[in-house]
Amino acid sequence: MTDRRPYNLLSVIIPAHNEQDNAPACASAVSRLLDSYDIDYELIFVDDGSTDRTWLRLTQLARSDERIKAICLSRNFGKESAIFAGLENAGGDVCAVMDCDLQHPPETLVEMYKVWRDGDGVDIVEAKKRSRGTESGGYRFFAKLFYRIMNRVSGLDMSDASDFKLLDRRAVDALLRMPERLTFFRAMSSWVGFNTETVYFDVAERRSGKSDFDTKTSLKYAVTSITSFTSAPMQLVTVLGVITFIIAMIFGINTLYNKLTGNSEAGFPTVILLQLITSAIIMFSLGIIGYYLSKIYEEIKQRPRYIISEKLNLDRRD
Ligand code: UDP
Ligand code: MG
């Protein structure tokens, strides 16, 4: 195949939250591999408000190699914000996002780069999980359920999707032009469209430290992602309303019939049951609406996605 893009800078964006041991290991593993393939690169570590020595390690790394850039966020803004901080500061013709704990194999990164470079106009290369590593059965179940709902409501197939992606400058710019504050990288990078190729990888074990995403945060993440990406749950309210209306009609006709035929019983339990069901639906619906209102409120404040407190080896890009 012909080398369509002869000279390219690859920006690798690595969000890191409390990764003091993983960050140096990740930096050396990725740079060694990219060097061996003669790929021109920069590593952009984004310290997402770590409370351990991650920033110190990143400072040392940045000092020893100017291709290692580091951004320090003023507090923990979450992985999504960290990814966007990295993308906004990337100077590459192509950008990749990968985890700091080496769960995303660097070899796959090279594979993705090659698909982009040698492919005919490939803009996005997404890495999908072939296997889910050591995730528990329950987690796997909820992850599946989440992606099924996302697929239904947004029309984007994101099953086994990860944040491990490589994007051409065109796609990065399109992504960065999206103005929303509450971002969902995984879905937004599909939404922008473009020519997309897929590679598969096996999720490795986390190198050290522990995952930030336990069941509770994952659930919160799932709800935020769904609501920031689709308004379908709000339409659920309408559907529930229609269903309640139909049930009420049936009950009404039934009661009328019983009354006319003289079989009417004291319907107290039915009344209470109906009351309970309706109020449950109303409260549930109000909850959904309230959730969206809070999202609108957050968006309308137009706050920045993140605040940078320090940058290393990136000063010339301001
Ligand atoms: N991460 C981050 N900010 C956070 C939580 C996580 O930047 O608030 C980073 C973390 O350092 C890692 C990546 O996001 O590089 C994935 O996190 P983790 O390994 O905890 O998630 P999992 O692999 O379990 O999905
Ligand atoms: Mg991980």
Side-chain angles (χ1 to χ4, degrees), residues 8-110 112-113 127 162-167 172 185 203-213 304-318:
N8 311 291
L9 177 66
L10 165 67
S11 300
V12 186
I13 290 131
I14 308 167
H17 178 239
N18 292 345
E19 307 275 15
Q20 56 178 13
D21 300 324
N22 292 332
C26 178
S28 73
V30 175
S31 10
R32 200 169 335 114
L33 198 70
L34 293 179
D35 273 333
S36 75
Y37 282 93
D38 262 335
I39 297 172
D40 196 19
Y41 66 87
E42 62 173 8
L43 304 186
I44 304 181
F45 281 93
V46 184
D47 178 359
D48 184 17
S50 298
T51 49
D52 63 358
R53 288 164 182 265
T54 304
W55 183 245
L56 181 71
R57 296 284 139 75
L58 291 180
T59 317
Q60 292 163 346
L61 287 170
R63 228 176 260 146
S64 68
D65 184 347
E66 64 165 21
R67 288 176 304 179
I68 299 181
K69 332 252 157 173
I71 298 171
C72 186
L73 301 187
S74 62
R75 64 168 170 87
N76 180 242
F77 280 89
K79 186 182 178 187
E80 288 292 323
S81 298
I83 290 175
F84 276 83
L87 286 174
E88 266 164 27
N89 284 280
D93 307 295
V94 59
C95 298
V97 174
M98 69 190 289
D99 282 2
C100 192
D101 52 12
L102 289 172
Q103 283 192 292
H104 295 161
E107 293 75 21
T108 311
L109 176 66
V110 174
M112 290 155 79
Y113 179 83
S162 65
D163 288 330
F164 193 13
K165 296 206 181 195
L166 181 129
L167 299 97
V172 173
F185 176 68
V203 182
E205 289 257 0
R206 187 169 230 290
R207 199 186 151 272
S208 84
K210 66 176 185 34
S211 168
D212 281 304
F213 293 90
R305 288 170 182 153
Y306 53 84
I307 296 169
I308 293 176
S309 65
E310 224 173 309
K311 274 187 192 181
L312 297 174
N313 293 346
L314 276 167
D315 301 330
R316 64 199 156 79
R317 282 191 201 147
D318 282 326

- Item | Distance, nearest 0.5 Å, that separates CD1 of Ile13 from CG of Leu87 | 4.0 Å
- Looking at OG of Ser162 and CD of Gln103, how far apart are the two atoms once the value is rounded to the nearest 0.5 Å? 10.5 Å
- Message: Can you give me the closest heavy-atom contact between Leu102 and Cys26, atom names plus distance?
- Response: CD2-CA, 4.0 Å
- Item | Distance, nearest 0.5 Å, that separates CG of Leu9 from CZ of Arg67 | 10.5 Å
- ring pair (Phe, Tyr, Trp, His ring centres under 6.0 Å) filter on Phe164, not counting sequence neighbours, yields His104, Phe201
- Query: Of the non-hydrogen atoms in Ala127 and Thr108, which two are nearest, and what is the gap between them?
  - Reply: CB-CG2, 4.4 Å
- What ring-ring contact (aromatic ring centres under 6.0 Å, His included) pairs are there with at least one residue in residues 46-103, not counting sequence neighbours? none
- Who passes salt bridge (charged side-chain N to carboxylate O under 4.0 Å, His left out) against Asp99, sequence neighbours left out? Lys79
- Query: For the residue pair Ala82 and Leu73, what are the closest heavy atoms and their distance?
  - Reply: CA-CD1, 4.1 Å
- Give every residue pair that meets the salt bridge (Lys or Arg N to Asp or Glu O under 4.0 Å) criterion with at least one member in residues 17-32, sequence neighbours excluded. Glu19-Arg206
- Query: Taking only residues two or more places apart in sequence or in another chain, which ones pass side-chain contact (heavy atoms from CB on, under 4.5 Å) with Ala27?
  - Reply: Leu43, Phe45, Leu61, Ile68
- Item | Shortest non-hydrogen contact between Ala29 and Pro106, atoms and distance | CB-CG, 4.5 Å
- Any residue meeting salt bridge (charged side-chain N to carboxylate O under 4.0 Å, His left out) with Arg305, in chain and number order, not counting sequence neighbours: Glu88
- With sequence neighbours left out, what residues match Asp48 under salt bridge (charged side-chain N to carboxylate O under 4.0 Å, His left out)? none
- Message: Applying side-chain hydrogen bond (donor to acceptor under 3.5 Å, both in side chains), can you list everything that pairs with Ser64, at least two apart in sequence or on another chain?
- Response: none
- Got a sec, which residues hit salt bridge (charged side-chain N to carboxylate O under 4.0 Å, His left out) with Asp52, two or more places apart in sequence or on another chain? none
- Query: Mind checking what makes side-chain contact (heavy atoms from CB on, under 4.5 Å) contact with Leu56, not counting sequence neighbours?
  - Reply: Arg53, Gln60
- Item | Verdict with supporting geometry, Ile14 and Ile44, side-chain contact (heavy atoms from CB on, under 4.5 Å) | CA-CA 6 Å; Ile14 308 167; Ile44 304 181; over 6 Å; no
- Enter the distance from Leu312:CG to Glu66:CD here, rounded to the nearest 0.5 Å. 12.5 Å
- Item | Lys/Arg N to Asp/Glu carboxylate O, Lys69 vs Glu42, below 4.0 Å | yes
- Query: Roughly how far apart are Asp40 CG and Asp93 CG, rounded to 0.5 Å?
  - Reply: 9.0 Å
- Do NZ/NE/NH1/NH2 and the carboxylate oxygens of Lys210 and Asp101 come within less than 4.0 Å? no
- Message: Quick check: closest heavy atoms across Ala85 and Ile71, and the distance to 0.1 Å?
- Response: O-CD1, 3.8 Å
- Message: So, taking the atom named OG1 in Thr54 and the one named CZ in Arg57, what distance separates them when rounded to the nearest 0.5 Å?
- Response: 8.5 Å
